[in-house]
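Right, one structure below, let's go through it.
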Amino acid sequence: MTKSVTVTYALWAMGGPLGLHHLYLGRDSHALLWMLTLGGFGVGWAREFFRIPAYVGEANRETVGGLRDSKRHPIARPPPVSVARFAGQISVGIYFGTVALIGLNSLSFFYLIVLPLCVGAGVHLVSSVGEQTTDLHKTLIACVITSPIFYGSTISPLPISIAASVTASQHRRFKTHPSSGSQQELGPRLYRLALVWLAFSAPLGYSIFHNTTATLYYLSDCVAALLDMFWFFPWLRSVVEYFLLLPYRILGAFTGWGPSEESWRKVLEILLTERSQREREALQMLSVNKEASMDEITHSYRELVKVWHPDHNPGSKMEEAQKMFIQIQEAYETLLRGQKPLHRNK
């Protein structure tokens, strides 16, 4: 099926950063690259405005002629060096490495295996765009060799990407078979692209979700501490609560949805009275429940200190007693800092 320049430009304008026009032309590698980088960070997408006619012509030649003309692309002669492609290889390699640092740095052998493979995958993806490709194995070998030199460094994606890009450029070559993306069914092509996109985004999405959850818990603790400062001024506490609930009132005014203020007040109360994980662990360490008063917490603390004081546990038990003594001290300080107005009044 002959491709249309008009349709390609329309797809470029509507969904170019997501690679829709490349998907239409059967350039699946290019489409995947654009999906993962939002159009080459926007720069590559804008640059393509002048290159679309050449892309369409290439797609139509492959559709009509099948295999490439060997006289036009001699296999023995490598493609010309492209500064834009080389810069893209380095940039995408760093980008893939940075995403790996964010989402996968807790894995074993991260700097020896995971990081170089991720950087190499980014470099090879750029190297395989269009009519040319490179040697994947040699590119990955360059990454694996370079990675231990910069082991543990946050800037390691940069030298690894440079080494991989140089290796990929040295082994660049024309593809020996035409791009068959446009000749395959759209469903399987989209399925493969979706799997790759999911593999790329899932670790990053989990990391963002985990950090966002931790941030929300931290903010709730800060707000709770702020309200605790005003426990002896009930009217001032009410003013702070009013402004915290104000966004919900504005939302109701604009949407016509008026949530009950009492309901939101209960939600806020639950949020602000929820103890942090560290406080719950401290309660367990001191063997008291969450309703315990400050006097009860102090009494339990003193009793445990007597039991686990290192001077009362000589010999083989001293090391264990020292660890328990420190943990009891830390637990008591945590609960002392996080006491609620209810406990202060008891």
Sub-4.5 Å side-chain heavy-atom contact between [X] and [Y]:
| X | Y | result |
| --- | --- | --- |
| Val144 | Ile113 | no |
| Leu193 | Trp197 | no |
| Leu125 | Leu32 | yes |
| Arg172 | Ser82 | no |
| Pro157 | Leu101 | yes |
| Arg189 | Leu186 | yes |
| Leu115 | Ser156 | yes |
| Lys175 | Glu131 | no |

Please check this pair: side chain of [X] against backbone of [Y], looking for a donor-acceptor N/O pair closer than 3.5 Å.
| X | Y | answer |
| --- | --- | --- |
| Trp45 | Trp12 | yes |
| Asn313 | Val307 | yes |
| His312 | Lys306 | yes |
| Asn60 | Thr2 | no |
| Thr146 | Ile160 | no |

Criterion side chain to side chain contact (heavy atoms under 4.5 Å, CB included) against His171, the qualifying member of Thr133, Val166, Thr134:
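Going through the options one by one, the only one that passes is Thr134.
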
Point-to-point distance, once rounded to the nearest 0.5 Å, from [atom1] of [X] to [atom2] of [Y]:
| X | Y | atom1 | atom2 | answer |
| --- | --- | --- | --- | --- |
| Leu286 | Thr298 | CG | OG1 | 9.5 Å |
| Ile328 | His309 | CD1 | NE2 | 11.0 Å |
| Thr98 | Ile102 | OG1 | CD1 | 6.5 Å |

Heavy-atom pair with the smallest gap, counting every atom of [X] and [Y]:
| X | Y | value |
| --- | --- | --- |
| Ser161 | Gly93 | OG-CA, 3.5 Å |
| Glu58 | Gly130 | OE2-C, 4.3 Å |
| Ser293 | Glu296 | N-OE1, 2.9 Å |
| Pro79 | Arg173 | CD-CA, 3.5 Å |
| Thr139 | Gly120 | CG2-O, 4.3 Å |

With a 4.5 Å cut-off on side-chain heavy-atom distances among I, L, V, M, F, W and Y, is there a chain of contacts connecting [X] to [Y]?
| X | Y | result |
| --- | --- | --- |
| Ile149 | Leu140 | no |
| Val288 | Phe325 | yes |
| Val126 | Leu117 | no |
| Val123 | Val129 | no |
| Val305 | Met324 | yes |

Using 30° and 60° as the class limits, which term best fits the ring planes of Tyr95 and Phe41: parallel, tilted or perpendicular?
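Ring orientation, 0 to 90° scale: perpendicular.
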
Look at the aromatic rings of His30 and Trp34 and report parallel, tilted or perpendicular, splitting at 30° and 60°.
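Rings of His30 and Trp34: perpendicular, as their planes differ by over 60°.
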
Would you please test Tyr301 and Gln329 for side-chain contact (heavy atoms from CB on, under 4.5 Å) and show each step?
CA-CA 8 Å; Tyr301 160 72; Gln329 291 279 6; 2.9 Å; yes

Going through the checks in order, is the side-chain contact (heavy atoms from CB on, under 4.5 Å) test met by Leu25 and Val56?
CA-CA 7 Å; Leu25 296 176; Val56 174; 4.0 Å; yes

Around atom CD of Glu319, are there more than 12 heavy atoms of other residues, nucleotides or ligands at under 6.0 Å?
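Check fails, neighbour count at 12 or below.
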
Partner set under salt bridge (charged side-chain N to carboxylate O under 4.0 Å, His left out) for Glu320, not counting sequence neighbours:
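Salt bridge (charged side-chain N to carboxylate O under 4.0 Å, His left out) check on Glu320 returns nothing, list empty.
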
Are [X] and [Y] linked by a side-chain donor-acceptor pair shorter than 3.5 Å?
| X | Y | result |
| --- | --- | --- |
| Ser128 | His124 | yes |
| Ser127 | Gln132 | no |
| Tyr24 | Ser4 | no |

Determine, stepwise, if the pair Ser147 / Cys143 fulfils side-chain contact (heavy atoms from CB on, under 4.5 Å).
CA-CA 6 Å; Ser147 184; Cys143 294; over 6 Å; no

Working note: Phe150 + Tyr111, criterion ring-ring contact (aromatic ring centres under 6.0 Å, His included); need CA distance, chi angles, decisive distance, verdict.
CA-CA 9 Å; Phe150 301 91; Tyr111 286 98; over 10 Å; no

Do the two ring centres, one from Phe200 and one from Phe96, sit under 6.0 Å apart?
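Ring-ring flag for Phe200/Phe96: true, centres closer than 6.0 Å.
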
Expected list for residues 15-23: side-chain donor-acceptor pairs under 3.5 angstrom, two or more places apart:
from, atom 1, to, atom 2, distance (Å)
His21, NE2, Glu48, OE1, 2.7
His22, ND1, Arg27, NE, 3.3
His22, NE2, Glu48, OE1, 3.3
His22, NE2, Glu48, OE2, 2.4

